[in-house]
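Written below as structure tokens is the structure these notes are about.
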Amino acid sequence: MPIEQRVISGPKIGAKIGGGASSVPHPTPEPEPAKKRKLKMRRPVLIAVVAVVLLAGGAAYWFLFRSTGPEIPKAPEPGAVVTVDPVSLNLADGHYLRIGFGLQLTKETVETPDTARALDIAISLYSGRTVAEISDPATRASLKAELVKQLTDQYDGEVMDVYLTNFVTQ
């Protein structure tokens, strides 16, 4: 049995009606490949430029605007210890205090300081106090802290601590 084939020909969509239509199909125009290539090539360059700008901005902020905070002075390094010979001091109510101490100097101290000023400060700080007052550990600690403060001021920071080497009441 023969198969019948039918060919239907008519104007194509968008073709001119009434002639001028050719039977050769027209290729559809493709988008310009050059524009796509330019976009693809521009994208990495754009990313690189943005990265460089961000890096430069971060570096500028780091060096110009970061807050370093207040300068914290370093604690002085301990140097030599100069001992002050023990002396006896008059306390209240006829009692005595025999006191001897060592001056902890800083490492930057070049010359051994004269201990006469330190002895004078200790005498004025401890003389006239009661035995009960000096025997109390809290009062003794506060007196020692006051002695360290006065010695640090008097020796222009060359003395950083005091060690009580002899402390006897009678």
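The figures here come from the full heavy-atom set of this structure, side chains too, leaving out hydrogens, waters and symmetry mates.
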Partner of Val84 under side-chain contact (heavy atoms from CB on, under 4.5 Å), picked from Leu119, Thr165, Val162, is Leu119

Determine the sole option in Leu151, Asp153, Thr152 for which the side-chain contact (heavy atoms from CB on, under 4.5 Å) test with Tyr155 is passed. Leu151

Polar side-chain atom of [X] near backbone of [Y] as donor-acceptor pair, under 3.5 Å:
X      : Y      : value
His95  : Val131 : no
Thr83  : Gly102 : no
Ser124 : Ile121 : yes

Can Gln150 and Leu125 be said to form a side-chain contact (heavy atoms from CB on, under 4.5 Å), step by step? CA-CA 10 Å; Gln150 288 184 19; Leu125 184 64; 4.3 Å; yes

Connected to Val81, directly or through other members, by ILVMFWY side-chain contacts below 4.5 Å are Tyr163

Does any part of the side chain of [Y], heavy atoms only, come nearer than 4.5 Å to the side chain of [X], both counted from C-beta?
X      : Y      : answer
Arg129 : Leu143 : yes
Thr130 : Leu91  : no
Asn166 : Ile99  : no
Thr169 : Tyr96  : no

Could you give the distance from OG1 (Thr106) to CD (Gln104), rounded to the nearest 0.5 Å? 9.0 Å

Rounded distance [0.5 Å steps], OH in Tyr126 versus CG in Leu97: 8.0 Å

Examine Leu147 and Val168 and state if one hydrophobic cluster contains both, with Ile, Leu, Val, Met, Phe, Trp and Tyr joined whenever side-chain heavy atoms are less than 4.5 Å apart. no

Decide whether Val45 and Ile47 are clustered together by the hydrophobic rule: side chain heavy atoms of Ile, Leu, Val, Met, Phe, Trp, Tyr closer than 4.5 Å, transitively.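 Shared cluster, no.
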
Derivation and outcome, side-chain contact (heavy atoms from CB on, under 4.5 Å), residues Thr139 and Ile134: CA-CA 6 Å; Thr139 307; Ile134 289 179; over 6 Å; no

Phe167 vs Arg140, test: side-chain contact (heavy atoms from CB on, under 4.5 Å). Steps then yes/no. CA-CA 10 Å; Phe167 197 87; Arg140 186 177 351 177; 3.7 Å; yes

Does anything in residues 85-112 form a salt bridge (Lys or Arg N to Asp or Glu O under 4.0 Å)? List the pairs, not counting sequence neighbours.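 Output for this query lists Glu77-Lys107.
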
